[in-house]
Amino acid sequence: MLTPPTREFDFNQQDFEKVRKLIYDYAGIALSPAKHDMVYGRLAKRLRALNLKTFGDYLKVLERGDFREMELFTNSLTTNLTSFFRESHHFDILAEYMAANRQVGTLNLWCSASSTGEEPYSLAITACEAFDSLRAPVKIVATDLDTNVLEVAKAGVYAAEEVDKLGATRVKRFFDKQAATGKYQLKQELRDMIVFRKLNLIAPDWMIRGPFDAIFCRNVMIYFDKPTQLKILQRFAPLLKSNGLLYVGHSENLYHAADLFKLRGKTVYELARSMGTPSLLR
């Protein structure tokens with residue numbers, strides 16, 4: 001019988017429950033009991049960085065309100081799996097929407113979980129293609145809770161193996177190759193279309209202006225429990241234009257918010273009724 005490997009730090013159930021409460025209270029993320037080992041692996045790095053001996057000592061740092069460490073704690077526990085044009089049918093639907101609304105002026109989009117930037121830049125590429133211009137009349141607000149990934153997103157620099165999946169035509173049109181590194185950076189015109197900001201979806205004040213033609217909130221709701229999901233959806237609804245669209249992940253549904261959103265198809269939702277036109281997110 002194999003003996004389980006000895007851990008560097010003791011991490012008992014009480015420690016795990018405190019971590020679960022802290023990340024839930026701060027970010028609304030509901031960690032399942034099955035995440036015990038994942039939490040240990042990710043937070044052990046923070047203990048080493050701070051030269052702490054126990055998880056109890058680390059939790060005391062968090063509980064006394066160390067803002068910077070709470071930010072690093074949250075960054076450690078958030079998952080940032082993304083790629084360009086992930087769930088590509090969503091971008092086809094967005095392109096159709098843009099074509100149908102060419103005459104309405106500037107279109108406003110919100111990517112509410114931008115991660116390392118592939119999703120908002122996919123929105124920008126879609127806009128440039130829909131309007132056949134690098135200066136498409138589209139503004140994108142891209143937000144995320146993780147400050148580390150926001151810095152990557154702002155730079156807009158990606159490895160060749162990531163970019164090559166887009167095809168030679170798109171790469172040539174929308175990227176500049178960096179001779180020194182062999183990496184690719186989105187052209188300035190696309191980066192200028194996007195404003196990146198830190199935002200916590202369960203914070204009382206979002207401070208982002210609407211209304212939006214589209215809100216992308218894909219593969220985010222799965223980290224929240226149903227009450228938290230509903231609160232967020234209740235705040236999304238009045239921020240969409242009357243014909244605006246909400247995009248969610250392939251494994252997500254909004255059955256519990258049927259009074260707010262109705263399914264248009266392919267995990268794209270529209271308002272169940274008119275919500276009026278807001279001037280500021282609250």
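This structure is a prediction, so every number in the text was calculated from the model and none was measured. Below, each value reflects all heavy atoms present in this structure, side chains not excepted, and no hydrogens, waters or symmetry copies.
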Tabulate below the donor-acceptor pairs under 3.5 Å that side-chain atoms of residues 120-128 make, not counting sequence neighbours, or state none.
{"unit_1": "Y121", "atom_1": "OH", "unit_2": "A153", "atom_2": "O", "d": "2.7"}
{"unit_1": "S122", "atom_1": "OG", "unit_2": "F85", "atom_2": "N", "d": "2.9"}
{"unit_1": "S122", "atom_1": "OG", "unit_2": "E118", "atom_2": "O", "d": "2.7"}
{"unit_1": "T126", "atom_1": "OG1", "unit_2": "S122", "atom_2": "O", "d": "2.8"}

For a 4.5 angstrom cut-off between non-hydrogen side-chain atoms, does [X] reach [Y]?
| X | Y | value |
| --- | --- | --- |
| R20 | P33 | yes |
| P211 | N108 | no |
| E8 | R48 | yes |
| L52 | V61 | yes |
| L199 | L201 | yes |

Quick check on the hydrophobic clustering: are [X] and [Y] connected, directly or via other members, by side-chain heavy-atom contacts under 4.5 Å?
| X | Y | value |
| --- | --- | --- |
| L77 | Y26 | yes |
| L145 | V39 | yes |
| L246 | F91 | no |
| F131 | I140 | yes |
| I93 | F84 | yes |

Atom [atom1] of [X] and atom [atom2] of [Y]: how far apart are they, to the nearest 0.5 Å?
| X | Y | atom1 | atom2 | value |
| --- | --- | --- | --- | --- |
| I202 | D25 | CD1 | CG | 7.5 Å |
| S83 | K165 | OG | NZ | 6.5 Å |
| E96 | L245 | CD | CG | 10.0 Å |
| S114 | F216 | OG | CZ | 13.0 Å |
| L109 | L94 | CG | CG | 6.0 Å |
| I29 | L22 | CD1 | CG | 12.0 Å |

Considering residues, nucleotides and ligands other than [X], do more than 12 of their heavy atoms fall under 6.0 Å from its [atom1]?
| X | atom1 | value |
| --- | --- | --- |
| K198 | NZ | yes |
| K187 | NZ | yes |
| H89 | NE2 | yes |

Does D10 form a side chain to side chain contact (heavy atoms under 4.5 Å, CB included) with T54? I'd like the steps, not just the answer.
CA-CA 7 Å; D10 180 52; T54 70; over 6 Å; no
Any donor-acceptor pair under 3.5 Å from [X] side chain to [Y] backbone:
| X | Y | answer |
| --- | --- | --- |
| T228 | F224 | no |
| R191 | G156 | no |
| E252 | N219 | yes |
| E270 | N243 | no |
| D66 | L62 | no |
| R218 | H250 | no |
| Y269 | L254 | yes |

Any idea which heavy atoms bring [X] and [Y] closest together, and the distance?
| X | Y | answer |
| --- | --- | --- |
| V149 | D146 | CG2-O, 3.2 Å |
| D144 | S115 | OD2-N, 2.8 Å |
| L230 | L260 | CD1-CD1, 4.3 Å |
| L134 | M193 | O-SD, 4.5 Å |
| K139 | T106 | CG-CG2, 3.8 Å |
| V141 | F212 | CG2-CE2, 4.5 Å |

Results of side-chain contact (heavy atoms from CB on, under 4.5 Å) for S133 - residues two or more places apart only:
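side-chain contact (heavy atoms from CB on, under 4.5 Å) list for S133, sorted by chain: R135.
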Side chain to side chain contact (heavy atoms under 4.5 Å, CB included) evaluation trace for K266 with E87:
CA-CA 10 Å; K266 297 184 178 180; E87 298 180 51; over 6 Å; no
Using the rule given for salt bridge (Lys or Arg N to Asp or Glu O under 4.0 Å), can you reason through R7 versus D37, listing the C-alpha separation, both sets of side-chain angles and the distance that settles it, and then say yes or no?
CA-CA 11 Å; R7 282 180 166 174; D37 288 344; 2.5 Å; yes
Q185 and K177: side chain to side chain contact (heavy atoms under 4.5 Å, CB included), yes or no, with the steps?
CA-CA 6 Å; Q185 184 173 40; K177 185 174 183 179; over 6 Å; no
Donor on one side chain, acceptor on other, [X] and [Y], under 3.5 Å:
| X | Y | result |
| --- | --- | --- |
| D225 | Q229 | no |
| Q188 | D176 | no |
| T147 | N75 | yes |

Going by ring pair (Phe, Tyr, Trp, His ring centres under 6.0 Å), W110 matches just one of Y247, W206, F196. Which one?
W206
As a quick check of understanding, evaluate side chain to side chain contact (heavy atoms under 4.5 Å, CB included) for N12 and F55, giving each step before the final call.
CA-CA 9 Å; N12 59 39; F55 266 86; over 6 Å; no
Could you give me the CA-CA distance, side-chain angles and deciding distance for K154 and E151, then say whether salt bridge (Lys or Arg N to Asp or Glu O under 4.0 Å) is met?
CA-CA 5 Å; K154 288 176 185 178; E151 290 305 311; 3.5 Å; yes
Give the ring-plane orientation class for Y184 versus F175, where under 30° counts as parallel, over 60° as perpendicular and anything between as tilted.
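It falls in the perpendicular class, over 60°.
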In terms of relative ring orientation, are F73 and Y58 parallel, tilted or perpendicular, with 30° and 60° separating the classes?
tilted
Partners passing salt bridge (Lys or Arg N to Asp or Glu O under 4.0 Å) against E69 (at least two apart in sequence or in another chain):
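Residues passing salt bridge (Lys or Arg N to Asp or Glu O under 4.0 Å) with E69: R46.
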Apply salt bridge (Lys or Arg N to Asp or Glu O under 4.0 Å) to residues R173 and D132 and explain how you reach the verdict.
CA-CA 11 Å; R173 185 177 184 187; D132 194 24; 3.3 Å; yes
In terms of side-chain geometry, is the basic nitrogen of E63 or K60 positioned less than 4.0 Å from the acidic oxygen of its partner?
no
Evaluate the criterion side chain to side chain donor-acceptor pair (under 3.5 Å) for residue pair D15 and Y40; output intermediate values, then yes/no.
CA-CA 10 Å; D15 294 333; Y40 174 86; over 6 Å; no
If we check side chain to side chain contact (heavy atoms under 4.5 Å, CB included) with D213, which of these qualifies: L107, V138, L240?
L107
